[in-house]
K.L.:
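The structure that follows is given in the form of structure tokens.
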Amino acid sequence: MPEATPKPEELVQINYDPHEKDWRKTRPEFRKGTFCHAALPKDVKYLGLPNPRDWQPPDVDWKLPPNWKEIILQGMKERLEKFRSFRLFMDICVRCGACADKCQFFLGSGDPKNMPVLRAELIRSVYRRYFTTTGKLFRGLAGARDLTEDVIKEWFYYFYQCSECRRCSVFCPFGIDTAEITMMVRELLNLVGVNTNWVIGPVANCYRVGNHLGIQPHGFKDSIDFAVDDLEEITGVRVEAPINRKGAEVLFIVPSADYFATPHYYTLLGYLMLFHEIGLDYTFSAYAAEGGNFGLFSSHELAKRLNAKMYAEAKRLKVKWILGGECGHMWRVVNQYMDTMNGPADFLEVPVSPFTGTRFENTRSTKMVHICEFTSDLIYHNKLRLNPSRNDHWKVTFHDSCNPARGMGLLEEPRYILRKVCNHFHEMPENTIREQTFCCGSGAGLGSDENIEARLRGGLPRANAVKYVRDKHGVNLLTCICAIDKATLPTLLEYWTPGVDVGGIHELLGNALIMKGEKERTTDLRGQPLQQKSEAVHA
Amino acid sequence: MPGISPSQKQAIAERWLAVALETYPAQSRQFLEGEKDPFRNPVGQSLRTQIPKLVDELFGDMDPQRLGQALEELVRLRAVQQFTPREALGFLFLLKPICREELPADAQARAELEDRIDEIALVGFDIFVRCREQIYEIRANEAKRRVALLERMNPEAGR
């Protein structure tokens with residue numbers, strides 16, 4: 001039954017302070033649109049994870065195992081001993097508040113538990129209660145609280161409203177990596193079977209087939225072949241796109257969305273054109289057909305399992321080094337974890353560009369180069385012929401995807417490419433880009449559609465900065481180098497900043513690239529008519 | 001409404017802003033109110049800039065375009081925050097008690113003013129529903145983009 005219609009005087013009687021109580025006593029409200037669905041038992045079973053069952057977050061009974069508390073506390077103890085960073089991050093926060101207003105989920109929602117300091121306090125309070133003397137003795141007075149089922153629910157709610165983007169960490173005077181706190185909490189939740197479909201489904205797919213979407217090798221080949229046909233129509237040039245070719249110099253790994261979703265696909269076309277034009281000796285792998293690693297959003301053990309295929313395929317295919325596409329968290333895994341998870345990759349060589357001779361010393365340990373590093377180096381050495389006017393229908397801005405920007409410091413390379421491949425490039429305000437970039441609000445396994453309202457809140461600060469350049473410079477394309485960005489930013493912009501499309505750096509490169517033997521280009525890679533036909537060769 | 005001074009309008013806007021901010025949790029209010037950088041605080045910025053515009057329209061021409069634009073920015077925001085519909089739009093009605101206290105007026109003038117506030121609320125209701133509907137549309141559009149290539153490769157699929 002609907003509520004009785006309130007009288008006018010009742011309408012203004014609103015409780016404006018729903019959260020005035022002590023934060024330790026409030027419970028999250030699982031309102032539709034703000035949380036992700038629970039993982040399916042079949043996927044949980046497939047991965048051999050604990051407690052597969054049917055449940056959903058709004059349920060009163062989450063069907064936790066009878067000894068759930070013991071499991072969580074034991075899990076915390078093990079992790080505190082194993083990961084010094086976790087122990088340090090639990091101990092050293094002085095609650096200075098520098099991070100408090102840096103999280104886009106806080107900025108968009110106004111919910112104080114989305115302040116990184118308070119979100120972390122949700123687990124720190126439990127840490128104090130069970131692992132510190134003052135907390136054991138003085139309980140609430142020492143900022144400690146008991147571990148209850150409500151705390152588990154609260155962890156689930158708020159640590160799945162953290163996109164592990166690490167914007168807050170940039171401002172922390174102690175360098176606390178809040179993303180790693182979120183990772184630890186998600187690992188603990190995993191131990192009692194509290195995980196989400198949007199993460200565990202793709203992980204199970206990837207573990208079985210090699211990519212998040214569960215596309216089998218022949219499906220992968222179909223997509224790549226389709227792209228080759230498409231390119232021939234647009235450019236008149238037939239490119240080759242080898243798969244599983246042993247003895248190639250380079251293994252190329254992309255996020256799976258590149259060969260199934262838009263606007264990612266146009267970036268894939270750009271890669272294929274580039275490799276053909278320079279004559280790169282490379283191969284795709286039908287098994288390492290996924291750069292993304294949703295394991296990272298669940299546990300380090302799952303991240304390691306999924307990441308292992310990169311080196312395994314590099315070894316099997318006997319390549320010299322690995323090149324990676326426009327992917328986000330892949331680079332966080334590659335740069336910060338791969339070497340210790342599955343390395344050292346002694347069987348590979350330090351990557352050297354066969355065209356410029358540049359030795360990528362920064363990848364000496366991982367043996368894996370980012371496509372933007374590779375391409376900007378080519379352009380710098382005048383190895384590409386470009387006609388930036390083919391992108392004149394775009395007024396472009398660049399969104400620094402969190403993981404390449406903050407996780408590996410890739411700030412200049414994409415901008416360098418953009419300035420060479422288009423004529424209209426405008427930066428968003430300084431405090432919304434580079435290290436301070438605002439997250440799309442959908443990373444770390446939050447890119448599902450059932451939690452769209454949480455995403456719209458988290459994406460507001462980014463969209464707000466895009467709106468500024470749209471209104472000031474007429475920007476109509478937001479470029480980025482992350483597959484999750486490309487999947488979710490169009491949705492956010494449709495709601496917050498209509499009139500701005502989303503695209504990849506190598507899509508624009510493909511538009512501008514002058515290929516040997518190409519026919520006169522009449523459309524861009526999206527099939528949109530070109531604005532100008534002048535051939536003002538750049539390099 | 002004739003005879004209202006700029007300082008009275010400003011007083012109304014300030015009080016209205018204060019009660020609108022009170023719809024957010026106490027721990028967040030200081031930030032929403034205090035941080036003036038528009039990019040670091042988009043919610044506070046929208047409230048700060050749009051509320052005076054609405055007050056201008058309330059005592060001005062009630063221009064549908066200007067009114068719609070100002071309301072759009074506020075309501076679009078509140079349509080996705082943790083509010084019930086009543087809470088999301090209720091702050092518009094709070095203009096009534098504020099105006100009653102700030103403006104001693106005769107019964108007819110008050111009735112006219114309150115009619116205008118009701119009109120603002122109705123426009124807000126339209127926008128709120130449009131935003132909620134749009135959320136379902138953008139979800140569907142996103143799902144289509146996820147399999148866009150699959151559809152192109154199999155044009156007969158699903159027909």
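Labels below follow one simple rule: chain letters A, B, ... track the order of the sequence lines, proteins then strands, and each chain is numbered from 1. Note that the structure is a prediction, hence the values are computed from the model and not measured.
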K.L.:
Please tell me if the side chains of A:Tyr265 and B:Arg152 come closer than 4.5 Å, counting only heavy atoms from C-beta onward.
P.N.:
yes
K.L.:
Checking the side chain of B:Gln134 only, and the main-chain atoms of A:Glu494 only, is there a donor and an acceptor separated by less than 3.5 Å?
P.N.:
yes
K.L.:
State whether the side chain of A:Tyr495 and the backbone N or O of B:Arg76 hold a donor-acceptor pair below 3.5 Å, judged by distance alone.
P.N.:
yes
K.L.:
Give the member of A:Pro263, A:Ala465, A:Pro461, A:Ser223 that has the highest number of heavy-atom pairs under 4.5 Å with chain B.
P.N.:
A:Ser223
K.L.:
Look at the aromatic rings of B:Phe39 and A:Tyr468 and report parallel, tilted or perpendicular, splitting at 30° and 60°.
P.N.:
perpendicular
K.L.:
Is any side-chain heavy atom of B:Tyr136 closer than 4.5 Å to one of A:Asp449?
P.N.:
no
K.L.:
Heavy atoms only, distances under 4.5 angstrom: which of A:Ala257, A:Ala454, A:Gly108, A:Gly33 has the most pairs with chain B? Name it, please.
P.N.:
A:Gly108
K.L.:
Output the option from A:Ala227, A:Gly219, A:Ser109 having the highest count of non-hydrogen pairs under 4.5 Å with chain B.
P.N.:
A:Ser109
K.L.:
Under 4.5 Å heavy-atom distance to chain B, tell me which part of A:Lys467 shows up: side chain, backbone, both or neither.
P.N.:
side chain
K.L.:
Among A:Asp101, A:Thr488, A:Leu492, which residue has the highest count of heavy-atom pairs closer than 4.5 Å to chain B?
P.N.:
A:Asp101
K.L.:
Counting distance only, does the side-chain N/O of B:Asn141 pair as donor-acceptor with the main-chain N or O of A:Pro490 below 3.5 Å?
P.N.:
no
K.L.:
Report yes if the side chains of A:Leu213 and B:Arg146 come closer than 4.5 Å at any heavy-atom pair, otherwise no.
P.N.:
no
K.L.:
Quick one: are A:Thr34 and B:Gln82 in side-chain contact, heavy atoms under 4.5 Å?
P.N.:
yes
K.L.:
When you compare the side chain of A:Leu460 with that of B:Leu77, does any pair of heavy atoms fall below 4.5 Å?
P.N.:
yes
K.L.:
I'd like to verify something: which residue of A:Gln104, A:His264, A:Glu450 has the highest number of heavy-atom pairs under 4.5 Å with chain B?
P.N.:
A:Glu450
K.L.:
Under the 3.5 angstrom rule, does the side chain of B:Arg40 hit a backbone N or O of A:Leu107 as a donor-acceptor pair?
P.N.:
no
